[in-house]
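Bear in mind that the values here come from a model prediction, so they are computed numbers and not experimental data. Because only heavy atoms are used, hydrogens play no part in the values below, and waters and symmetry mates are left out as well, while side chains stay in. Letters go in sequence order (proteins before strands), and every chain restarts at 1.
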Amino acid sequence: MRMSQLVGRRYKERPAEATLESHAFLLRGGYARQVANGIYSLLPPGLRVAAKIERIIREEMDRIGGQEILMPVVLTRELWEESGRYADVGPELARFKDRGGRDLLLAMTHEEAVVHLCRDEITSYKQLPAMVYQIQTKFRDEPRSRGGLIRVREFTMKDAYSFHQTQADLDAYYEECAEAYRRIFARCGMPETVKIQSDTGMMGGKVAHEFMLLCDAGEDTIVACDGCGYLANLEVAEGRIAPLPEEPAPLEKVHTPGKRTIDEVAEFLGVPPERTAKVVFYDSDSEGRPVMALVRGDVEMNETKLAKIIQAMPEMADDATIRSVGAEPGFASPMEIDKDKCRIIVDHTLAGAGNLVCGANEPDYHYRNFNLERDLPGTETVDIATVREGDGCPNCDGSLELKRGIEVGNIFQLGRKYTESMAMTYLEENGEEAYPIMGCYGIGVGRLLSSVMEVKRDKFGPIWPISIAPWQVQVNAIGLDNEEVRAAAEKLAGDLSAAGLEVLFDDRDERPGVQFADADLLGVPYRLIVSPRNLKQGQIEWKRRDTGETGFIEPDEAVETAQRWIADGLAAIDAVADQAG
RNA sequence: CGGGGCGUGGCGCAGUUUGGUAGCGCGUCUGCUUUGGGAGCAGAAGGUCAGCGGUUCAAAUCCGCUCGCCCCGACCA
């Protein structure tokens, strides 16, 4: 590629809307342009990187038996009604009508489409297991997109779907897929990506993991054990929160005028927040009952965990709802509550804590010395607590740390949620009809591209791993009005291209500073420089983007040398990918 | 959806308080001089000042409405 013809300008200054470094480089380097909030066009350098990431993904999906297919972006209401998601999913699903008034939608994920396709094609146990995948556009009308390509509304995603006869077979394949993911991220130059336990969200199913790139720009909070390697998303992480046992003292009603919040009450009564019980009302569980949830005062409610228990989205209840079950807002107590009208869910932190302060269901009054076992006997406790930095690891005696991460991929065990609801059956060996068990596996291509940019960079621009660099080698010609330089640079670029290398040739008669700054923004790993100075020595100068090392070679060694660099670079990345697993 | 900020040539910004018919830097084009980390000089092109409506002799500037973008929160397979 000749730089003089490359479409997409580079900016010297940082665009105002960029917050993340990767976002700034995306715009400054001419990789992508925003069309609307969360909707981007890719320019040649951006598309070239994306295409290389996609190629790696294809190779690794094919390696575990995947077959590439392509499903439509536009699907029908009827199809999504089969699974029940047309009603379940909110406004993030873009819906529209065709000219005939038929309800259509833009797919945000393709479980319905893949089951629609495969239920007619896979009808025998002899065809199982099977995995199909696609690399296709998705649209999710996110309430708020941000961060360049990290969180967008329209994006390219690799999504894969597997079908199995047995849970054991899915379990085994799930691990194979996790291993393929580890290889994909390593081959994209990010072997530091980690697999963590995660929530299953709207996908349904029980087992799910996310692949996280740990970095400060990440939107997710990850809980990590310093002792045993336990890793989980904060949404699902479990922790050991130290109990606070105490010999039960008699229940005592105390006057607490106007003291509603945990902090106010704790301060007023002179007790630490961990000696209080926090009550939060939600509206409502899957049967429509209001929910009263309790955690210890120093612990945050985990609404993801709660959602699983009540089988519904927890939404804060209003005061009228709270009063309707006989509780007093700000002074609510689990005692004296009609359990038929209100579901009471108690976190395990309350079980181990004695003599807590809790509401008295009466304005301006609290109780001292609430003890769960004594005052609410027979109450079952569950885990609805949010893990905190320093809490104990659930698996060892280490302690937990909180870190930030970008989710670059995820894997789910879906079970039979979609095959049952959409009536996908096959015949078993014994002639009986059965529903296949599904897994699904996603990777966001643009997000992965941005993530690499976020982590592999210096202050001048991205430092692309050779495996996904937009070009493999760059030729810079300095002083192009010098005929000798022009001829030598043209020959060098031509020879490299003829040898099959991906060459970016800066054939503009620009000053060195301009050329080098642009080269840094494009992040090509290896640079060859032709100039009058070097030519006088009969040499070509080289520079590595990553280490900054420089040196000289003879012109007739250039092609061979560049080939060796690239081969060595790729081999080093592959060696990391081949490790472990 | 709540709170906040901002919309002025491709990019970064000033001008808005106090209304007078649009400016700076970068970039682009032409010429000359330059050539190892974003050159110098001379000339040039490019803007319905987000849009609509209002006030006024006169609106980027004042008033109203709408739209868009960014940030925080809610939300997020």
Quiz item: With rounding to whole Å, what would you report as the distance between G53(B) and A58(B) at their P atoms?
Solution: 15 Å
Quiz item: Which value, in whole Å, describes the distance between the P atoms of nucleotides G54(B) and G46(B)?
Solution: 30 Å
Under a 3.5 Å cut-off for both distances, is [N] Watson-Crick or wobble paired, and to whom?
N	answer
A74(B)	none
G37(B)	none
C29(B)	G43(B)
C69(B)	G5(B)
G20(B)	C57(B)

Practice problem: Would you sort out whether Glu154(A) and Val35(A) count as a side-chain contact (heavy atoms from CB on, under 4.5 Å), showing the intermediate values? | Solution: CA-CA 11 Å; Glu154(A) 195 222 63; Val35(A) 174; over 6 Å; no
Could you tell me whether [X] contacts a base, only the sugar-phosphate backbone, or nothing, with contacts defined as non-hydrogen atoms closer than 4.0 Å?
X	answer
Glu303(A)	sugar-phosphate
Phe155(A)	base
Asp481(A)	base
Arg527(A)	base
Asn476(A)	nothing
Met157(A)	base

Of all heavy-atom pairs between [X] and [Y], which one has the smallest distance, and what is that distance?
X	Y	answer
Met61(A)	Cys177(A)	CE-SG, 4.5 Å
Leu6(A)	Trp471(A)	CD1-CH2, 4.0 Å
Ile478(A)	Phe516(A)	CD1-CZ, 3.5 Å

Can you identify which nucleotide, out of [options], has its nearest atom closest to the [X] side chain?
X	options	value
Ala36(A)	C69(B), G37(B), G12(B)	C69(B)
Arg146(A)	G38(B), A74(B), C11(B)	A74(B)
Ile478(A)	G37(B), C70(B), G36(B)	G36(B)
Glu510(A)	A74(B), U35(B), U28(B)	U28(B)
Lys12(A)	G10(B), G12(B), G27(B)	G27(B)
Ile529(A)	C70(B), G36(B), G38(B)	G36(B)
Arg511(A)	C13(B), U34(B), C71(B)	U34(B)

Practice problem: With sequence neighbours excluded, tell me which residues meet ring pair (Phe, Tyr, Trp, His ring centres under 6.0 Å) with His209(A). | Solution: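 His209(A): ring pair (Phe, Tyr, Trp, His ring centres under 6.0 Å) contacts with Tyr174(A).
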Quiz item: Can you name the salt bridge (Lys or Arg N to Asp or Glu O under 4.0 Å) partners of Lys278(A), sequence neighbours left out?
Solution: Glu300(A)
Quiz item: Taking the six-membered ring of Tyr86(A), is NZ or CZ of Arg95(A) closer than 6.0 Å to its centre and within 45° of its axis?
Solution: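 Here Arg95(A) passes the 6.0 Å and 45° test against Tyr86(A).
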Quiz item: Mind checking whether Tyr181(A) and Tyr441(A) have ring centres under 6.0 Å apart?
Solution: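 Here the rings of Tyr441(A) and Tyr181(A) have centres that are no less than 6.0 Å from each other.
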Exercise. Report yes if a donor N or O on one partner sits less than 3.5 Å from an acceptor N or O on the other, where the partners are the side chain of Glu541(A) and the base of G36(B); otherwise report no.
Key: yes
Quiz item: Could one point to a donor on the side chain of Arg9(A) or the base of U28(B) with an acceptor on the other under 3.5 Å away?
Solution: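 Per atom types, no contact qualifies.
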Quiz prompt | Stepwise side chain to side chain donor-acceptor pair (under 3.5 Å) test for Gln134(A) and Asp159(A) | solution = CA-CA 6 Å; Gln134(A) 65 172 350; Asp159(A) 47 324; 3.2 Å; yes
Listing, residues 524-533 of chain A side-chain donor-acceptor contacts under 3.5 Å, not counting sequence neighbours, or none:
{"from": "Tyr526(A)", "atom 1": "OH", "to": "Trp565(A)", "atom 2": "O", "distance (Å)": "3.3"}
{"from": "Arg527(A)", "atom 1": "NH2", "to": "Asp520(A)", "atom 2": "OD1", "distance (Å)": "2.7"}
{"from": "Ser531(A)", "atom 1": "OG", "to": "Arg533(A)", "atom 2": "N", "distance (Å)": "3.4"}
{"from": "Ser531(A)", "atom 1": "OG", "to": "Asn534(A)", "atom 2": "N", "distance (Å)": "3.1"}
{"from": "Ser531(A)", "atom 1": "OG", "to": "Asn534(A)", "atom 2": "ND2", "distance (Å)": "3.3"}

Self-check item: Nucleic acid contacts - residues 18-32 of chain A versus RNA chain B, non-hydrogen atoms under 4.0 Å
Solution: Thr19(A), Arg28(A)
Practice problem: For RNA chain B, find the residues of residues 517-524 of chain A with a heavy-atom distance under 4.0 Å and give them by number; none if there aren't any. | Solution: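 The answer is Ala517(A), Asp518(A), Asp520(A), Leu521(A).
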Practice problem: Using the closest heavy atom to pick a nucleotide of RNA chain B for each, name whichever of Pro532(A) or Asn410(A) lands nearer the 5' end. | Solution: Pro532(A)
Quiz item: Should Glu142(A) and Asn37(A) be marked as a side chain to side chain donor-acceptor pair (under 3.5 Å) after you check the CA-CA gap, both sets of side-chain angles, and the distance that decides it?
Solution: CA-CA 10 Å; Glu142(A) 293 280 353; Asn37(A) 178 280; over 6 Å; no
Might you list the N or O atoms of the protein lying below 3.5 Å from N or O atoms in nucleotides 23-25 of chain B, with each pair's distance?
{"from": "G25(B)", "atom 1": "N2", "to": "Glu13(A)", "atom 2": "OE1", "distance (Å)": "2.7"}

Quiz item: Asn534(A) CG to G36(B) C1': how many Å, rounded?
Solution: 9 Å
Quiz prompt | Heavy-atom side-chain contact between Asn233(A) and Val223(A) under 4.5 Å | solution = no
